[in-house]
Amino acid sequence: MNFIPRIPIGEWAESGIDWLTDNVAGLFDVISAIFNFLVGNLTYGLTALEPLVMIVILALIAWVVRSWQLAIGTAITFLIVLSMEQWVHMMETMALVLVATVVAVVIAVPVGILAASNRAVSSVVRPIMDFMQTMPAFVYLIPAVTFFSIGVVPGMVATIIFALPPGVRMTELGIRQVDGETVEAGEAFGASSWQILRGIQLPLAVPTIMAGVNQVIMLALSMGVIAGMIGAPGLGKEVVSAISSLDLALGVEAGLGVVILAVYLDRITAALGDSATYTKSALALVQKARARRATGAL
């Protein structure tokens, strides 16, 4: 005999989603139009150039922000993707991940700053982030498809929700880790809260925030692959196709493309967060040359 009555949480959630579908359809249409525009145009931009030209550009970016070794590795691995005929699919995945990351970061950084400056907000935000981060990724696909049908938009929405928590957490952590004496020194000089945030806390928290951005990108990439189950274009769709047809060769090629893209984005964002560490980057070499000229002029 069951002494505990059943709580119909699932039915309540379904009723809430049905109400939103019936009453906020216009908002969902606007969101769908915006995401289709952003992802569609970025995908067009990434695929409009010849693949070899795009590979050179991506390799140069790797050299500028990190090292010539990463540039060579980028060129070789992306040529492998091109030889596997997965280039367009990788660019589609990159477009989805980049747009989702930008949207997630635009939301996460202000929320993290607010949580760092207000204990009450932090106490509310943390359990919400726990819920979002521990909920199985596949669950996000259900309401996303309900609101936006199938395609790239529900994949984008599910990806943003799934990838958002690390950005909020690391932003809050970065702001809280700023030395209190440094903040007090700014206050002693009469700086306002906004000036302290902009001139002291955010610059010092950049490495931690960029670590959060790195995690957001990795989670967005993993969810972007899962979103292939609901029709999102890219490598994820290829993986789903390989699973459904037991095509091992296609699965290996699409999976390798995901790995190559993940490594590239990981290395680039890590370098942006701590540029002083990478002394072999083109930027570091230019700065050294300028410093030598300045020293010689003196």
Exercise. Between atom CD1 of Ile161 and atom CE of Met135, what is the distance when rounded to the nearest 0.5 Å?
Worked result: 10.5 Å

Exercise. Can a donor-acceptor pair be found between the side chains of Arg126 and Ser122 at a distance below 3.5 Å?
Worked result: yes

For this session: With sequence neighbours left out, write down each residue that passes ring-ring contact (aromatic ring centres under 6.0 Å, His included) with Tyr140, or none if nothing qualifies.
Result: none

Problem set entry | CD/Glu11: more than 12 non-hydrogen atoms of other groups inside 6.0 Å | yes

Exercise. After noting the C-alpha distance and the side-chain angles of Arg169 and Gln215, does the key distance pass the side-chain hydrogen bond (donor to acceptor under 3.5 Å, both in side chains) rule?
Worked result: CA-CA 11 Å; Arg169 292 181 184 279; Gln215 294 182 29; over 6 Å; no

Exercise. Near Ile150 CD1, under 6.0 Å, is it more than 12 heavy atoms from other residues, nucleotides or ligands?
Worked result: no

For this session: Using the rule that two of Ile, Leu, Val, Met, Phe, Trp, Tyr join whenever any of their side-chain heavy atoms come within less than 4.5 Å, decide whether Leu248 and Val258 are in one cluster.
Result: no

For this session: May I ask you to check whether over 12 heavy atoms, not counting those of Met84, lie within 6.0 Å of atom CE?
Result: yes

Exercise. Can you tell me if CH2 on Trp87 sees more than 12 non-hydrogen neighbours from other groups inside 6.0 Å?
Worked result: yes

Exercise. Nearest 0.5 Å, what's the CG-CE distance between Leu38 and Met156?
Worked result: 7.0 Å

Problem set entry | Main-chain N/O of Leu114 paired with Asn118 side-chain donor or acceptor, under 3.5 Å | no

Seminar exercise, completed: Between the CG atom in Asn36 and the CG atom in Asn41, the distance rounded to the nearest 0.5 Å is 10.5 Å

For this session: May I ask you to decide if Thr77's main-chain N or O and Tyr264's side chain share a donor-acceptor pair within less than 3.5 Å?
Result: no

Seminar exercise, completed: Nearest heavy-atom approach of Thr93 to Pro233 is OG1-O, 4.5 Å

